[in-house]
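Here's the structure, in structure tokens; my notes come after.
Letters A, B, ... mirror the listed sequences (proteins, then strands); counts begin at 1. When reading the values below, keep in mind they use all heavy atoms of this one structure, side chains included, and skip hydrogens, waters and symmetry mates.
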Amino acid sequence: MDQSDSVVQLLDSNGSFTNDSLFTSTLKESELIDFYRDMVLVRAIDEQATALQRQGELGLWAPLLGQEAAQIGSARAMKKQDFAFSTYREHGVAWCRGVDPVDMLSFWRGTKHQGWDANQYRSYGYQIIIGAHALHATGYAMGAYLSRNTETGDAGIDQAVMAYFGDGAMSEGDVNEAFVFAASYQAPVVFFCQNNQWAISEPTKRQSRVPLAYRAAGFGIPGIRVDGNDVIACYEVTRQALDRARSGQGPTLIEAITYRMGAHTTSDDPTKYQVFSEVELWRDRDPIERLKVYLRAKGVLNNELESEISNEAATLSERMRDECRKLPDPNPLSMFDHVYSESDLNIDEQKREVETILSRSQDN
Amino acid sequence: MDQSDSVVQLLDSNGSFTNDSLFTSTLKESELIDFYRDMVLVRAIDEQATALQRQGELGLWAPLLGQEAAQIGSARAMKKQDFAFSTYREHGVAWCRGVDPVDMLSFWRGTKHQGWDANQYRSYGYQIIIGAHALHATGYAMGAYLSRNTETGDAGIDQAVMAYFGDGAMSEGDVNEAFVFAASYQAPVVFFCQNNQWAISEPTKRQSRVPLAYRAAGFGIPGIRVDGNDVIACYEVTRQALDRARSGQGPTLIEAITYRMGAHTTSDDPTKYQVFSEVELWRDRDPIERLKVYLRAKGVLNNELESEISNEAATLSERMRDECRKLPDPNPLSMFDHVYSESDLNIDEQKREVETILSRSQDN
Amino acid sequence: MPQLSIVHALNQGLHRAMDADSKVLLMGEDIGKLGGVFRVTEGLQKSFGDERVIDSPLAESGIVGTAIGLALYGFRPVVEIQFDGFVFPAFDQIVVQLARMRFRSAGALSLPITIRMPYGGGIGSVEHHSESPEGYFAATPGLRVVTCSNSHDAYWMIQQSIASDDPVIFLEPKRRYWQKSEVNTDSHLNNISALHEARVLTEGSDCTIIGYGPTIATCLQSARLAAEDGVSLEVIDLRSLSPIDMPVLIKSANKTGRVVIVHEASRSGGVGAEIATRLTQECFYKLEAPVMRVTGYDVPYPPSRIEDDYLPDAERILDAVEKCMGY
Amino acid sequence: MPQLSIVHALNQGLHRAMDADSKVLLMGEDIGKLGGVFRVTEGLQKSFGDERVIDSPLAESGIVGTAIGLALYGFRPVVEIQFDGFVFPAFDQIVVQLARMRFRSAGALSLPITIRMPYGGGIGSVEHHSESPEGYFAATPGLRVVTCSNSHDAYWMIQQSIASDDPVIFLEPKRRYWQKSEVNTDSHLNNISALHEARVLTEGSDCTIIGYGPTIATCLQSARLAAEDGVSLEVIDLRSLSPIDMPVLIKSANKTGRVVIVHEASRSGGVGAEIATRLTQECFYKLEAPVMRVTGYDVPYPPSRIEDDYLPDAERILDAVEKCMGY
Ligand SMILES: Cc1ncc(C[n+]2csc(CCOP(=O)(O)OP(=O)(O)O)c2C)c(N)n1
Ligand SMILES: Cc1ncc(C[n+]2csc(CCOP(=O)(O)OP(=O)(O)O)c2C)c(N)n1
Ligand SMILES: [Mg+2]
Ligand SMILES: [Mg+2]
């Protein structure tokens, strides 16, 4: 993997297989169907969450629309023992790690800061502070190395870590420091940068005049560009990088070139800065559509299976709608829990203040 | 200037001229003599300051020993209207900007936080926080551009900015963010990294497994390596980079490969981590010695001139010793000045507290 | 006089400051084409061009650090930090570099930089979007820290901050952003009360309530409710958290003998502690009760569904008043 | 019992903690071969290897950020920040990430990280080498902030900090580093007074002096001088700046009726303000005088040739005592 302008693509936007000199698809048709299902489902999750936010059920939502292939392809390349650190937009990654979409909603509804147990799913909750978690991922990967849970050659043991972030994050000091540490300790971490062309309203060229993947080489890390709307290429490139990491060959930076088809978040108005024609251009490169065309042409996806999957999506959406509304509000007193590992007089006293207020309002 | 492992050298360690495919010397013999004098004098300044610290006259000193060529060559390439941002070790840069060595000492003696007027010398005082000033330099360069004091084509107007830092600083977020901003705005700044092989006790390879100059390309910035003990090469490479900056061609990163021949600071004990043989190797590459050999061979440096310069150094050293001891301690009440641009009741009250204490001790 | 929201007042204040001084320039994430996520800078890039309203790369330390360089060059940068919770990557540049440059250079260098930042909770948003980091800055010598509670102050204080030769942390009460009030634009910077001055909003005799920014509306509401019960509250809008306008506070405390301080930030180590300590020092014999604090609790900002239980409200302020009166 | 300097006591405490728990590892700049610029980690890399005593790249945010990842993996990282003035690039990771992980995850994730840091002035060094940033951390919910004033505490408190499941900011009084005192190593972590406990060092009846870290020696000196004049001072070593052991302070304040707080950090917004406010709250009727603060001034740390005029000394403490007594 050397520095070059070329972009790995295995499935073009017309849904035809293409050749790449270094990568080929190792996927079975059943796996491709699974990817297709994943992408359809996470798009449904995204749509439903966006709707729930419009209806006032969520405080905010950051849509992944358009980035399904980048997220599903890369996250499906992870093994069970791997660990993912993501931003606020990686619902598809959380999905692949087994997180229930309703647990995802709890963060956006404001009932929890972390909607799921990071250790259970081996996937850390949403990180809002741009870039901060790139260092956590690197440290976690250093931990895997120091614990000798890499380079054993045992596919069930060797761990690697995924760090997800966006094009904008490439400018933050923390991300660049993560490259320094990862390179210095040859940590088994894969940096997966979804270049969705935008950091809110700022185009990628404000952050960099050269392709983002180029950044890696200067830190002594291989960098590679992949078509982020090609789920097969995303899978293969990530899988290879994870294998490299696991086997002691160090970190990789992957730049997945994709497009944020929705608003930055539900608070955003992209018409202020996005050009319609560009959005249209990317609509033709839709990640789900191209896999569908391919699978249909292959004859492995038929009407029946398609409607089965879309029924599954509808059922999931409905359950999200129902369960979102039922997500229990936290007990106000819970805010005094888990500030420290032990009880503290000052915090207990403040808790009693709130208890008094709450009991008073119950009396009324 | 493309990324490569090669190191620009014009004068080898034996004092012979070498060829470089891209650079040639433009320097007159009189200028070379000036460089020689500069290097001898800053080494004398360094020795004297180190001695003063041993005698208890300074709290600390960071020796430049071994880095004379990198500092003199690069700083002499600056024009009057340029501006330098340096670390605690760039006494040679301050010297070239016209700063009196005694003013340098005031910082280390603890009589002032900034020993000279940054605007007068167009050189900012010592920066202790590693990397922070790389951003200041970039912002200053953006200011030059926004003020149209670059790209005019007028050699007396066009400004560029030098940002000096070490190999260790390359790991700090701020330095990497400076690369992002400088590239994004194509600011007229030259990053001059003195790779003296050490960040206190840590060898450069802890910070990077690839040459530091490689870092630049990933940010869309040209990077170039130069023999940091070759004053002529340092001058030429810096001059060209400054010219590029001034004429609107954007930033450059220069890695000057040199060696810290002394301790990190006078508090440091390098025997704990440095290998003697390596130090000896670099002693053979002494930056002053090689220019001396060259100039002597050319016949432009003779015994008379040499003793003239060494007398000059002795006189300067003596004056430093005298004037350092005479540097006035600040008035304790001055600590209440210049916290804000206007007077403040709270600070005035605290000032009165100290006044009372001082007047009492005067009474005794 | 026009009725303006705080957002619009800030926008017009910025416009006027940029008109008045060509050295004023704006920097920040998404402040150009988008006009900022809260639209405070809307239209300014159109009016002044992209060399005076500069979209920055996504790096807060970088933004403040380059602003310092620009200020050294002679500009007056106005930096936007998109949300309170995102200021911390710039903490070193703000606290170690920006705050100290004048002192460090014995007055030779000044950094007239304004750092604008929406702050405070109550908007139902996710983690890191509802914080009150003012205490960190107020405890840092060399920074001015100010905040506005209404549109008139928003309009003038932003201009005063920009005109100040000191670095100013300018905190914008985001949950009041769209609240409208009168702005008297027919004045001049020199005729406006100084940036560091506190302001008595309602005179009262029983107890002094000191608030700032987003809590002022709550304080005023408490005063109205207390008045119904025959309790007279004197509400003071602190406006400047550093320096603190002690004479105004001391005068009021000496008059009422009772003081409640209100802020959203956590209680411990907040601005309230400093004011309480100084007031106790200055009004020791006049205070009928210890200075009370009604604040956020000593916990990280909670999930938004329970933020109302975290934020000071009129009920809690009146509880504290009652407690004071009971001493 | 051995007489050890604070540096040696810390070194031995670290050694014992590393022996006791193989998950303990040290990270920082120059802590390996060099043994740290103050030699606190001297010899530890030799004893435990370079995978447990790790020289880090020069990037404080990176050090703390990767320590967080290591802690998530199950390690107990002990991070060294080389000097107080260099902690700020890591501020975001400390205050926004480290301090909140337990709360954010509702207890599911814990980050048992200790951040060691020499702090305070008086060593005649240059800018940024003499600072007292403790107030920022003490005002941050979720962090424990502790400091030692003697070798015995140094030895045990560093072990307790490492054993704590909370993140701990461990402040080392650098100008007392080489001061020797007795260390009783013949005990066990469980038998040592808890990390958050304040300690009464000398009992007294006229006035309480609360100090911590480097100022304790000065407080004790003041007590000796005052005793010569027949004034009896009760000196308390705070030890934990967050949480604060209020019961011990309240008991003393109720007894003496007079309190002076001593710290090197700037006065405004410091730990002293919080203690003064809480003590006034709790001991309102018992206090004969307002709580006094003897501290660094509200200015950046001055050039070292005048640092003695900035730092609290016995004279200033005794002045404050006299003022208290005069109320
Ligand atoms: C430290 C920090 N600064 C600013 C923000 C505000 N913010 C949230 S998302 C965003 C843009 C991020 O862009 P990118 O990294 O490309 O990710 P994307 O949103 O496109 O997925 C910004 C500026 C933040 N969350 N954290
Ligand atoms: C932010 C920060 N962290 C740590 C230090 C302590 N420190 C001072 S110099 C130094 C090493 C710097 O190495 P390098 O950048 O190579 O410069 P050199 O000293 O070799 O000239 C360190 C770690 C500091 N001054 N600032
Ligand atoms: Mg993006
Ligand atoms: Mg170096």
Side-chain angles (χ1 to χ4, degrees), chain A residues 58-60 62 88 106-114 126-132 166-174 199-202 206-208 264-265 267-270 272-273 327-339 344 346-347 350-351 353-354 356-358 360-361, chain C residues 28-39 42 50 54-63 65 82-83 85-90 92-93 123-130 266-268 293-310 313 315-316 319-320 323:
Chain A
L58 303 178
L60 194 74
Y88 42 85
S106 61
F107 175 82
W108 303 96
R109 186 172 172 85
T111 66
K112 287 183 181 179
H113 279 333
Q114 278 185 11
Y126 296 115
Q127 174 65 256
I128 294 285
I129 304 299
I130 304 292
D167 45 296
M170 291 288 293
S171 296
E172 286 281 6
D174 273 6
I200 309 188
S201 73
E202 299 190 7
R206 170 86 305 167
Q207 321 291 342
S208 183
H264 168 68
T265 67
S267 299
D268 181 38
D269 175 8
K272 295 234 173 208
Y273 53 86
L327 276 172
D329 278 354
N331 181 335
L333 294 175
S334 70
M335 80 172 92
F336 298 101
D337 299 337
H338 307 301
V339 181
D344 168 65
N346 173 51
I347 289 180
Q350 298 187 359
K351 187 172 182 175
E353 278 180 45
V354 177
T356 309
I357 296 170
L358 292 173
R360 188 194 299 159
S361 66
Chain C
E29 297 157 8
D30 307 295
I31 65 166
K33 255 197 185 157
L34 184 62
V37 296
F38 287 105
R39 305 295 184 269
E42 177 126 51
D50 62 4
I54 302 172
D55 273 326
S56 311
L58 209 179
E60 289 75 15
S61 189
I63 296 172
Q82 203 163 74
F83 272 90
F86 312 152
V87 70
F88 297 105
D92 182 60
Q93 287 288 348
I123 62 161
S125 196
V126 296
E127 251 194 318
H128 310 297
H129 288 73
S130 304
S266 288
R267 187 168 302 168
S268 288
R293 293 182 286 179
V294 177
T295 64
Y297 298 107
D298 288 337
V299 307
Y301 200 84
S304 65
R305 301 289 281 202
I306 54 171
E307 67 183 338
D308 288 346
D309 297 284
Y310 172 89
D313 59 12
E315 182 183 356
R316 282 172 62 196
D319 279 356
K323 226 166 137 191

Between NE2 on residue His128(C) and CD1 on residue Ile129(A), distance to nearest 0.5 Å: 4.5 Å
Relative to chain C, which segment of Ser334(A) carries a heavy atom at a distance below 4.5 Å: side chain, backbone, both, or neither? side chain
Chain C heavy atoms under 4.5 Å from Ile200(A): which part of the residue, side chain, backbone, both or neither? both
Is it the backbone or the side chain of Phe83(C) that comes under 4.5 Å from a heavy atom of chain A, or both, or neither? neither
Using every non-hydrogen atom in the two residues, find where Ile306(C) and Pro330(A) come nearest and quote the distance to one decimal. CG2-O, 3.2 Å
Contacting region of Val299(C) [heavy-atom separation from chain A under 4.5 Å]: both
Nearest heavy atoms of Ala199(A) and Asp30(C), plus distance in Å: O-OD1, 3.3 Å
Any Phe107(A) side-chain heavy atom under 4.5 Å of Glu127(C) side chain: yes
Counting only non-hydrogen atoms closer than 4.5 Å, does Ser56(C) touch chain A with its backbone (N, CA, C, O), its side chain (CB onward), both, or neither? backbone
To the closest 0.5 Å, what do you measure between CD (Glu307(C)) and CE (Met335(A))? 10.0 Å
Can you tell me how far apart NE2 (His264(A)) and CG (Leu34(C)) are? Round to the nearest 0.5 Å. 10.0 Å
Apply side-chain contact (heavy atoms from CB on, under 4.5 Å) to Glu202(A) and Lys33(C), showing your working. CA-CA 9 Å; Glu202(A) 299 190 7; Lys33(C) 255 197 185 157; over 6 Å; no
Are Ile128(A) and His129(C) packed together at the side-chain level, in the sense that at least one heavy-atom pair is separated by less than 4.5 angstrom? yes
Just to verify, what does Asp344(A) make a salt bridge (Lys or Arg N to Asp or Glu O under 4.0 Å) with, not counting sequence neighbours? none
Portion of Ala132(A) that has a non-hydrogen atom of chain C nearer than 4.5 angstrom: neither
What part of Leu333(A) gets closer than 4.5 Å to chain C, counting heavy atoms only: side chain, backbone, both or neither? neither
Between Gln350(A) (side chain) and Asp298(C) (backbone), is there a donor-acceptor pair under 3.5 Å? yes
Tell me which of these, Ser208(A), Gly110(A), Gly173(A), has more heavy-atom pairs under 4.5 Å with chain C than the rest. Gly110(A)
Would you call Arg305(C) and Arg109(A) a side-chain contact if the rule is heavy atoms closer than 4.5 Å? yes
Looking at chain C, which one of Phe336(A), Tyr126(A), Tyr88(A) has the largest number of heavy-atom pairs inside 4.5 Å, strictly under? Phe336(A)
CD1 of Ile130(A) to CD of Gln82(C), rounded to nearest 0.5 Å, is 9.0 Å
With rounding to the nearest 0.5 angstrom, report the CG to OG distance, Leu58(C) to Ser171(A). 6.5 Å
Measure distances from Ser125(C) to the heavy atoms of chain A and classify the residue's part below 4.5 Å as side chain, backbone, both or neither. side chain
So which of Asp167(A), Asn346(A), Asp268(A), Ile347(A) has the largest heavy-atom pair count under 4.5 angstrom toward chain C? Asn346(A)
Contact part of Asp319(C) toward chain A, heavy-atom cut-off under 4.5 Å: side chain, backbone, both or neither? side chain
Drop me the distance from Asp313(C)'s CG to Ile357(A)'s CD1, to the nearest 0.5 angstrom. 6.5 Å
Test Tyr310(C) against Val354(A) for side-chain contact (heavy atoms from CB on, under 4.5 Å), laying out the working first. CA-CA 9 Å; Tyr310(C) 172 89; Val354(A) 177; over 6 Å; no
Holding to ring pair (Phe, Tyr, Trp, His ring centres under 6.0 Å), I want the full list of residues that pass it with Tyr273(A), two or more places apart in sequence or in another chain. Trp198(A)
Return yes if some donor-acceptor pair links the side-chain N/O of Gln207(A) with the main-chain N/O of Pro57(C) below 3.5 Å, else return no. no
Between His113(A), Lys112(A), Glu172(A), which has the largest tally of heavy atom pairs under 4.5 Å with chain C? His113(A)
Thinking salt bridges, do Glu29(C) and Arg206(A) make one under a 4.0 Å N-O criterion? no
